[in-house]
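None of these values were measured; they are calculated from a predicted model. The figures that follow rest on heavy atoms only: side chains count, while hydrogens, waters and symmetry mates do not.
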Amino acid sequence: MKNTEKQALRGASLSSVQRKYLLRGLTEPGGKLPLFDKNGQRINPKTIKACIDRGYAEPWFNNPLKPDWLVCKLTDAGRKAVE
């Protein structure tokens, strides 16, 4: 079993903030993850990086207008962790 698969099985270790962030990718084309929450506040970069480090999200592309923004998409491991 790959490390990311093991982590997906431990999806219960996600914080509520991380879970909410990843859940939003389930309904978006290509699993795109949001830059902003439902109140219009920017998603904390620590939340995004934690999801990347666990293999639940991966960078999708660089935003040339806002290079400090992490545009990510849900991975298969992330999908399994929240489904």
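- For Val17, the side chain to side chain contact (heavy atoms under 4.5 Å, CB included) partners two or more places apart in sequence, or in a different chain, are Ser15, Thr47.
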Practice task
Test side chain to side chain contact (heavy atoms under 4.5 Å, CB included) on Lys49 and Leu70 and set out the steps.
Solution key: CA-CA 9 Å; Lys49 288 177 185 175; Leu70 291 169; 3.8 Å; yes
Atom pairs and distances, donor-acceptor, side-chain atoms in residues 38-45, under 3.5 Å, two or more places apart:
residue, atom, partner, partner atom, Å
Asn44, OD1, Lys46, N, 2.8

Hey, can you pull the donor-acceptor pairs under 3.5 Å for the side chains in residues 20-29, sequence neighbours left out?
residue, atom, partner, partner atom, Å
Arg24, NH1, Phe36, O, 3.1
Thr27, OG1, Arg24, O, 3.4

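- Scanning all heavy atoms of the two residues, the minimum distance from Ser13 to Arg54 falls at O-NH1, 3.4 Å.
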Exercise for the section: Report the C-alpha distance between Tyr56 and Leu14 in whole Å, list the side-chain angles of each, state the deciding distance to 0.1 Å, and finish with yes or no for side chain to side chain contact (heavy atoms under 4.5 Å, CB included). Expected result: CA-CA 10 Å; Tyr56 298 145; Leu14 288 171; 3.3 Å; yes
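- Under the 4.5 Å side-chain contact rule for hydrophobic residues, Leu74 and Trp60 do not share a cluster.
- The two residues Arg19 and Ala81 come nearest to each other via the heavy atoms NH1-O, 3.5 Å.
- Looking only at side-chain heavy atoms (C-beta outward), Ile48 and Cys72 come within less than 4.5 Å of each other.
- Looking only at distances, no side-chain donor or acceptor of Thr75 sits under 3.5 Å from a matching main-chain atom of Glu58.
- Annotation: side chain of Ile52 is in contact with side chain of Pro59 (closest heavy-atom distance under 4.5 Å).
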